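All values derive from a computational prediction rather than experimental measurement.
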Amino acid sequence: MIIAVDGPAASGKGTIARALAHHYGLPHLDTGLLYRAVAATVRNMHLDPTREADAVAACSFDDSLLADPALRDDETGKLASVVSAHPLVRSALLQRQKRFAQQPGGAILDGRDIGTVIAPDADAKLFVKASPQVRARRRHNELAANGSTATFEQVLADIRARDERDSGRTTAPLTQAADAAALDTSSLTIDAAVARAIQFVDAQVAAKVRS
């Protein structure tokens with residue numbers, strides 16, 4: 001069983017995908033970490049993230065880098081949004097994601113283009129969303145807990161800028177797959193959002209079995 005979970009930054013898709021992986025006993029890949037790894041490599045090599053050739057040169061990172069907690073800091077996230085807009089970077093990481101999705105037994109992947117590009121034939125697809133204000137509040141609280149002094153207004157501006165970059169890029173833009181179930185987490189607790197996600201997945205899988 002392959003489950004695709006897409007959505008914008010801070011929508012809750014990662015939390016939901018991890019919960020689904022635990023519920024169904026499937027391996028999980030946060031594909032955003034791949035782009036964060038590229039971003040971190042670009043930074044460590046003192047390259048220019050806006051230059052496609054520089055970003056592509058950083059795509060041959062070792063898988064062990066994905067376990068580095070520094071990949072989850074906000075600055076790396078901003079750089080990841082920049083490098084992920086390069087078509088050749090997305091192409092370079094495409095097969096790595098497809099191999100994970102197609103492993104025996106299935107998998108769960110979350111990102112921006114899982115249901116549309118990486119696993120268009122997934123057994124279940126979710127598009128997790130929330131209002132920019134709610135997502136900014138979540139991210140601001142997370143950053144504040146880690147000692148960041150960024151204001152809510154700065155975080156909200158960054159969220160909106162990321163949304164614009166992710167939705168406006170020409171290659172694999174952030175968009176809801178036509179057959180994905182929309183899950184708005186704006187007013188849901190984590191437990192309620194996960195329960196709703198499981199219902200959607202079970203319903204989609206059952207429908208495919210019947211067809």
Arg196 CZ: over 12 foreign heavy atoms closer than 6.0 Å: no

Taking all heavy atoms of Lys13 and all of Gly111, pick out the closest pair and write down the distance. CE-O, 3.3 Å

Nearest heavy atoms of Arg90 and Thr171, plus distance in Å: CD-O, 3.7 Å

Counting only heavy atoms not in Arg72 (residues, nucleotides, ligands), do more than 12 fall under 6.0 Å from its CZ? no

Pair Arg43, Glu75 - check side-chain contact (heavy atoms from CB on, under 4.5 Å), show working. CA-CA 10 Å; Arg43 182 175 56 203; Glu75 186 58 37; 4.0 Å; yes

Cluster link Leu183 to Val194, ILVMFWY, side chain under 4.5 Å: yes

How long is the straight-line distance from CG of Leu29 back to CD1 of Ile114, given to the nearest 0.5 Å? 7.5 Å

Do Val134 and Leu143 share a hydrophobic cluster (ILVMFWY, side-chain heavy atoms under 4.5 Å, transitive)? no

I'd like to know if the side chain of Thr185 reaches the main chain of Ser11, judged simply by a donor and an acceptor atom lying under 3.5 Å from each other, with no hydrogens or angles considered. yes

Taking Arg51 first and then Asp48, would you say they form a salt bridge - that is, a charged N and a carboxylate O separated by under 4.0 Å? no

I need the minimum non-hydrogen distance between Ala39 and Ala80, along with the two atoms involved. CB-N, 3.5 Å

To the nearest 0.5 Å, what is the distance between OH on Tyr24 and CE on Met1? 5.5 Å

I'd like to know if the side chain of Thr41 and the backbone of Ala37 have a donor-acceptor N/O pair within less than 3.5 Å. yes

Minimum side-chain heavy-atom gap Thr175-Ser167 below 4.5 Å: no

All heavy atoms of Pro8 vs all of Val128, minimum pair found to be CD-O, 3.2 Å

Tell me whether Asp73 is salt-bridged to Arg36, with the criterion being a basic N under 4.0 Å from an acidic carboxylate O. no

What's the shortest heavy-atom distance between Ala177 and Gly115, and which atoms? CB-O, 3.9 Å

Test side-chain contact (heavy atoms from CB on, under 4.5 Å) on Val89 and Leu93 and set out the steps. CA-CA 6 Å; Val89 169; Leu93 298 178; 4.3 Å; yes

For a side-chain contact (heavy atoms from CB on, under 4.5 Å) check, start with the C-alpha distance between Gln154 and Asp158, then their side-chain angles and the critical distance, and finish with the verdict. CA-CA 6 Å; Gln154 289 172 325; Asp158 178 57; over 6 Å; no

Joint cluster assignment, Val38 & Val82, ILVMFWY side-chain distance < 4.5 Å: no

So, are Asp179 and Lys125 salt-bridged, with charged N and O less than 4.0 Å apart? yes

Transitive ILVMFWY side-chain link Leu188 to Ile198, under 4.5 Å: yes

Can Asp163 and Arg169 be counted as an ion pair, charged N to O under 4.0 angstrom? no

Closer than 3.5 angstrom, by distance alone: can the side chain of Gln102 be matched with the main-chain N or O of Arg99 as a donor-acceptor pair? no

Side chains of Phe61 and Leu34: does their closest heavy-atom pair fall under 4.5 Å? yes

For the CG atom of Asp113 and the CG atom of Leu94, what is their distance to the nearest 0.5 Å? 8.0 Å

Who clusters with Ile2? Use side-chain heavy atoms, under 4.5 angstrom, across I, L, V, M, F, W and Y, and order the result by chain and number. none

Sidechain-backbone polar pair: Arg18 side chain, His28 backbone, donor-acceptor under 3.5 Å: no

Using a 6.0 Å distance limit plus a 45 degree cone around the ring axis, check whether Arg112 lies over the aromatic ring of Phe127. no

Report yes or no: does Thr189 contribute a side-chain atom to a donor-acceptor pair with the main-chain N or O of Ala192 at less than 3.5 Å? yes

When you measure from the side chain of His86 to the backbone of Ala55, do you find a donor-acceptor pair of N or O atoms at a distance under 3.5 Å? no

Separation of Glu164 CD from Leu174 CG (nearest 0.5 Å): 12.5 Å

Hydrophobic cluster membership, with links at side-chain heavy-atom distances under 4.5 Å among I/L/V/M/F/W/Y: are Ile3 and Ile190 in one? yes

So Asp123 and Gln204, do their side chains get closer than 4.5 Å, heavy atoms only? no

Testing the basics here: between Leu66 and Leu33, what is the closest heavy-atom pair and its distance to 0.1 Å? CD2-O, 3.6 Å

Quick one: CG on Asp6 to OG1 on Thr116, what's the gap to the nearest 0.5 Å? 6.0 Å

Any donor-acceptor pair under 3.5 Å from Lys98 side chain to Ala119 backbone: no

Mind running side-chain contact (heavy atoms from CB on, under 4.5 Å) on Leu20 and Val201 for me, showing each step along the way? CA-CA 9 Å; Leu20 291 176; Val201 170; 4.3 Å; yes

Please report the interatomic distance SG(Cys59) to CG(Leu88), rounded to the nearest 0.5 Å. 9.0 Å

State whether the side chain of Asn146 and the backbone N or O of Glu142 hold a donor-acceptor pair below 3.5 Å, judged by distance alone. yes

Can any side-chain N or O of Ser81 pair as donor or acceptor with the backbone N or O of Lys78 at less than 3.5 Å? no

Looking at Ser91 and Pro87, would you say the former's side chain and the latter's main chain have a donor-acceptor pair under 3.5 Å? no

